[in-house]
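Each remark here refers to the structure printed beneath this line.
Letters go in sequence order (proteins before strands), and every chain restarts at 1.
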Amino acid sequence: MKIATWNINGVKARIANLVQWLEQSAPDIACLQEIKSVDEGFPRLEIETLGYHVETHGQKGFNGVALLSKIKPDEVNRGLPGDDTDEQARFIEGVFSVEGGVFRVCSLYLPNGNPVDDPVKYPYKLAWMKRLKAFAEQRMALEEPLVLAGDYNVIPQPFDCHDPAVWAGDALFLPTTRQAYRELENLGLTCATRASTDETGLYSFWDYQAGAWPKNNGIRIDHLLLSPEAADRLASTAIEKHVRGWEKPSDHVPVVAWFNA
DNA sequence: ATGTCAACACCCTGTTGA
């Protein structure tokens, strides 16, 4: 089974890329972030035509996440628990019946947090990470294969970016951010990419600006974190870097993981 | 030295959020 995560930076602007990618990459489950669309505006027909089931948690203008899947989820939950006042659409969970049990898959768009001196943005990021930790802890007690996939807006290690010095004071790389990410890992979650390779210079995002892509000035911020039950079944991973070279690309590329049936 | 993009509001270019 192939599970992918991809921040598409606007589903309506990216529909041609999305269709091409689904046809070529053919993930069983795709976690999308930054659909930048309300649920009614999501181009679901184009996706359903390809044989995918569509579940969205949209929002006007920005944010928004979705789950595309070849099989219909048994259960879908929208929103990250822990703050009823949070109106940003950044989280959707689906439970899928597979051979020999279930796969619980979440598409998450963790807050960026910049600028760090903003009174709201960085505290919101850290609070969101705390809520994600509480959620993960609770779900891991179920002892099921769990995949928390998405745009974490976290550069875990210095070698996960082209030039660590540039990111030193950034919300994606601050010590407190990386510590909160380690707290997640320390619950017993495994990063699929890092479980498969110790290669450095692996990136999932290249800024549109300043020739970041041709210079390979990227960062690795899109991750699939796996519960022990999912990690036990991990076969391999890939970062589909070629997608960044397509016409009218997203600034992120898909990160994928294969699991034994 | 600079370099981008998408969506929105309001009307066509500026603002917001990446």
I'd like to check the ring-ring contact (aromatic ring centres under 6.0 Å, His included) partners of A:W167; sequence neighbours left out, ordered by chain and number. none

For [N] versus [M], give the span between their [atom1] atoms, rounded off to a whole number of Å.
| N | M | atom1 | answer |
| --- | --- | --- | --- |
| B:dA1 | B:dC12 | C1' | 29 Å |
| B:dA7 | B:dG3 | P | 22 Å |
| B:dA6 | B:dC10 | P | 22 Å |

Give the minimum heavy-atom separation between A:L32 and A:S107, together with the two atoms involved. O-OG, 2.8 Å

Determine the interplanar angle of the A:Y152 and A:Y181 rings, folded into 0 to 90°, and report it as parallel if under 30°, tilted if 30 to 60°, perpendicular if over 60°. perpendicular

Kindly indicate, with the supporting measurements, whether the criterion ring-ring contact (aromatic ring centres under 6.0 Å, His included) is fulfilled by A:F91 and A:Y109. CA-CA 6 Å; A:F91 193 88; A:Y109 178 42; over 10 Å; no

Counting only heavy atoms not in A:Q24, do more than 12 fall under 6.0 Å of its CD?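 Counting other residues, nucleotides and ligands, CD of A:Q24 exceeds 12 neighbours.
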
Give the B/S/- string for nucleotides 5-18 of chain B, one per nucleotide from 5' to 3', where a protein heavy atom under 4.0 Å of the base yields B, of only the sugar-phosphate yields S, and otherwise -. SSSSS-------BS

